[in-house]
K.L.:
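Can you read through this structure? Questions will come right after.
Note that these values count all heavy atoms, side chains included, but never hydrogens, waters or copies made by symmetry.
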Amino acid sequence: MIENRDRLVTTDARDTALSCIEAGIEAGHPRRVVRDALSLEGDTLRIADAAYDLTRYDEVVVIGGGNAAAHVAAALEEVLENRIDRGVVVTDDPAETDRVTVNEGDHPVPSERAVEGTREVLAAADAADERTLVLAAITGGGSALMPAPAGDVSLEDLQTTTNALLESGADIHEINAVRKHCSALKGGQLARRAAPATVVSLILSDVVGNDLSVIASGPMAPDESTFADALAVLERYEIEVPAAVSDRLEAGGAGEYPETPGPDDPAFETVSNHIVADGMTVLEAARDVAAERGYETLVLSSRIRGEARDAATMHVAVAEEMVATETPISPPAVILSGGETTVTVIGDGEGGPNQEFATSAALELEDRITVAAVDTDGIDGATDAAGALVDATTVEDRETARAALATNDVYPYLDERDGLIVTGPSGTNLNDLRVLVVD
């Protein structure tokens with residue numbers, strides 16, 4: 001899975017860190033989690049505790065989007081085979097399918113081809129009726145990969161707004177509050193388009209706390225955010241957006257556009273949402289690998305958030321305590337965490353939250369501590385690296401490392417030191433995974 005693994009593994013600790021990373025990503029692959037969550041017994045489709053009699057439906061349709069959507073569609077075809085009549089998903093990580101059309105888009109900034117692909121998703125939802133069973137593949141990355149500009153908002157407006165939000169330091173809840181109110185699909189609006197069909201969403205969560213309204217901007221989930229909330233985000237972070245966006249949000253706040261559908265909307269009467277994998281799926285698999293190798297393990301949290309550099313300082317402090325006092329557990333030990341950190345961008349360099357986490361950690365590391373941090377979708381920020389692997393040998397000149405952080409230009413810094421972890425698109429998206437090995 002890790003394309004440059006041989007170059008990265010120079011110690012047993014590095015090998016352990018990368019093995020934990022690989023196990024976590026593999027555990028969250030749609031083919032595994034969908035197979036575990038779904039079963040077909042005669043004409044009955046079982047998903048978790050729910051059962052669906054397929055004889056009640058004239059057709060079964062797959063729609064959706066996100067980094068892992070095509071792999072979910074492929075897994076559904078493996079389970080249901082010719083029971084699936086048609087479908088369309090939008091993704092940046094295509095997979096081979098027989099009955100579901102896979103349209104390619106771009107992430108994390110929406111593109112024209114994603115807009116075209118999303119139109120087909122909306123058309124498929126519009127064509128559904130009360131005799132249709134809609135299986136919705138909703139995964140991380142769906143916000144960017146299913147753009148449906150609303151009203152006078154253009155794709156360029158969405159791109160500019162998305163970039164500004166990503167660079168502002170706003171968290172995913174705040175980012176999505178804005179994106180939902182510039183969209184014809186997000187914030188439960190896809191469910192409204194599919195009604196009165198029976199909708200079953202299979203969700204791979206990349207959101208801290210698994211808030212259904214936030215994952216892929218909640219296309220099949222009720223939304224309680226408002227136009228006023230979206231305006232407050234822009235004000236809070238002093239974000240300048242195109243006039244079409246600000247005009248739409250202000251008009252919506254004045255009641256000129258309907259709000260996204262809330263919990264009492266009738267569109268959700270025939271919708272059920274199932275989270276089939278999340279950050280804990282990844283952490284548990286990584287923990288098992290560390291334990292098999294003889295390490296004590298500590299899962300800090302699947303909900304780490306905030307600035308990547310601050311999170312790095314906290315993680316290293318826990319590892320240092322283990323070295324100094326064998327608290328809270330004794331080395332050899334592996335510390336694990338998930339969640340999603342952010343970066344407030346002030347420079348114009350290359351990098352991502354996990355690369356900044358690793359670089360910041362490397363500035364503090366003692367000889368016995370090794371750190372790996374990746375985004376499980378294989379794309380950290382807008383780079384071709386999933387994240388980074390560092391230890392006490394990574395930083396020789398502290399001023400150079402600090403300068404890279406100050407300009408948000410850690411990608412070339414890590415690349416020069418063989419610190420980048422490269423996986424390519426992983427087939428899943430379940431948030432970040434961080435591994436600290438304390439020997």
Side-chain angles (χ1 to χ4, degrees), residues 63-67 69 88-92 101-126 138 140-168 170 172-193 213-214 216-220 223 225-261 345 348 379 381-382:
I63 62 174
N67 301 117
V88 57
V89 297
V90 187
T91 186
D92 61 343
T101 299
V102 176
N103 291 328
E104 290 193 55
D106 297 281
H107 178 268
V109 179
S111 63
E112 184 59 49
R113 62 177 183 169
V115 171
E116 294 297 326
T118 303
R119 287 197 184 104
E120 294 183 29
V121 173
L122 290 170
D126 291 340
I138 307 298
S143 294
L145 287 161
M146 290 190 288
D152 294 331
V153 176
S154 68
L155 172 62
E156 184 177 356
D157 294 332
L158 282 183
Q159 291 171 329
T160 300
T161 301
T162 299
N163 279 325
L165 288 163
L166 290 172
E167 293 179 357
S168 69
I172 191 64
H173 295 75
E174 295 167 318
I175 291 171
N176 284 350
V178 177
R179 292 196 287 199
K180 287 176 187 179
H181 291 87
C182 298
S183 171
L185 174 146
K186 296 173 172 56
Q189 295 178 89
L190 185 59
R192 183 181 278 170
R193 301 282 287 260
S213 71
V214 179
S217 296
M220 292 295 189
D223 179 40
S225 74
T226 64
F227 282 102
D229 293 331
L231 286 167
V233 171
L234 300 185
E235 182 178 354
R236 185 178 306 128
Y237 292 96
E238 299 180 347
I239 299 171
E240 294 186 8
V241 296
V245 172
S246 58
D247 289 348
R248 177 175 178 80
L249 296 181
E250 289 169 4
E256 296 179 26
Y257 297 116
E259 289 286 358
T260 48
V345 178
D348 58 356
I379 305 166

K.L.:
Check whether any side-chain heavy atom of Ile175 lies under 4.5 Å from a side-chain heavy atom of Ser217, and answer yes or no.
P.N.:
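No - every pair of side-chain heavy atoms lies 4.5 Å or more apart.
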
K.L.:
Is the side chain of Ser246 donor-acceptor paired with the backbone N or O of Val241 at a distance under 3.5 Å, no angle test?
P.N.:
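The answer is no, because no donor-acceptor pair under 3.5 Å joins these two groups.
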
K.L.:
If you take all heavy atoms of Thr162 and Val109, which pair is closest and at what distance?
P.N.:
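It is CG2-CA, 4.5 Å.
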
K.L.:
Starting from the C-alpha separation in whole Å, work towards a yes-or-no answer on side chain to side chain contact (heavy atoms under 4.5 Å, CB included) for Leu165 and Val233.
P.N.:
CA-CA 9 Å; Leu165 288 163; Val233 171; 4.2 Å; yes

K.L.:
To the nearest 0.5 Å, how far apart are CG in Asn67 and NE2 in His107?
P.N.:
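Asn67 CG to His107 NE2: 4.5 Å, rounded to 0.5 Å.
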
K.L.:
Please name the pair of heavy atoms, one in Gly64 and one in Met146, separated by the smallest distance, quoted to 0.1 Å.
P.N.:
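Here Gly64 and Met146 meet closest at C-SD, 3.6 Å.
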
K.L.:
With a 3.5 Å distance limit and no angle check, can you tell me whether Gln189 reaches the backbone of Ser183 through a side-chain donor-acceptor pair?
P.N.:
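Answer holds: yes.
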
K.L.:
Looking at CD of Glu167 and CD1 of Ile239, how far apart are the two atoms once the value is rounded to the nearest 0.5 Å?
P.N.:
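Separation between the atoms: 10.0 Å.
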
K.L.:
Any side-chain donor paired with an acceptor under 3.5 Å for Thr226 and Asp229?
P.N.:
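The answer is yes; a qualifying pair exists.
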
K.L.:
Tell me if a side-chain donor or acceptor on Asp247 pairs with a main-chain N or O of Ala244 at a distance below 3.5 Å.
P.N.:
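No; zero donor-acceptor contacts below 3.5 Å.
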
K.L.:
Taking Thr91 for the side chain and Gly66 for the main chain, is one N or O donor matched with an acceptor at less than 3.5 Å?
P.N.:
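Such a contact is found between Thr91 side chain and Gly66 backbone.
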
K.L.:
Under 3.5 Å, side chain of Thr161 to main-chain N/O of Leu158, donor-acceptor pair present?
P.N.:
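A pair under 3.5 Å: no.
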
K.L.:
Within a radius of less than 6.0 Å around CG of Asp126, do more than 12 heavy atoms belonging to other residues, nucleotides or ligands occur?
P.N.:
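Enclosed.
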
K.L.:
Which distance, rounded to the nearest 0.5 Å, do you find between the CD of Glu120 and the CG of Asn103?
P.N.:
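Nearest 0.5 Å value for the CD-CG distance: 4.5 Å.
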
K.L.:
Please give me the minimum heavy-atom distance between Pro147 and Ser111, naming the atom from each residue.
P.N.:
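Distance-wise, the nearest heavy atoms are CG-O, 4.2 Å.
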
K.L.:
Take Asp157 and Ser154 through the test side chain to side chain donor-acceptor pair (under 3.5 Å) and record every step on the way to the result.
P.N.:
CA-CA 5 Å; Asp157 294 332; Ser154 68; 3.0 Å; yes

K.L.:
Do the non-hydrogen side-chain atoms of Ile63 and Leu190 ever get within less than 4.5 Å of each other?
P.N.:
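Counting from C-beta outward, Ile63 and Leu190 do come under 4.5 Å.
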
K.L.:
Which pair of heavy atoms, one from Asn176 and one from Val214, lies closest together, and at what distance?
P.N.:
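Residues Asn176 and Val214, closest heavy atoms: ND2-O, 2.7 Å.
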
K.L.:
Write down the atom of Tyr237, the atom of Glu174, and the distance for their closest heavy-atom approach.
P.N.:
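Shortest heavy-atom separation between Tyr237 and Glu174 comes out as OH-OE1, 2.7 Å.
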
K.L.:
To the nearest 0.5 angstrom, please state how far the CD atom of Glu112 sits from the CD atom of Glu156.
P.N.:
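With rounding to 0.5 Å, CD (Glu112) is 11.0 Å from CD (Glu156).
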
K.L.:
Any side-chain heavy-atom pair from Glu259 and His181 closer than 4.5 angstrom?
P.N.:
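Side chain of Glu259 against side chain of His181, heavy atoms only: contact under 4.5 Å found.
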
K.L.:
Taking the side chain as everything from C-beta on, heavy atoms only, tell me whether Asp106 gets closer than 4.5 Å to Asp92.
P.N.:
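With C-beta onward as the side chain, the pair stays apart.
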
K.L.:
Any chance CG of Asp152 has more than 12 other-residue heavy atoms, nucleotides or ligands included, within less than 6.0 Å?
P.N.:
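No, the 6.0 Å shell around CG holds no more than 12 heavy atoms from other groups.
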
K.L.:
Just by distance, do the side chain of Lys180 and the backbone of Ala230 share a donor-acceptor pair under 3.5 Å?
P.N.:
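Judged by distance alone, no pair lies under 3.5 Å.
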
K.L.:
So which atom in Arg193 and which in Leu122 form the shortest heavy-atom distance, rounded to 0.1 Å?
P.N.:
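Between these two residues, the closest heavy atoms are NH2-CB, 3.7 Å.
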
K.L.:
Quick one: do Arg113 and Glu116 make a salt bridge, cutoff under 4.0 Å?
P.N.:
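Glu116 and Arg113: not salt-bridged.
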
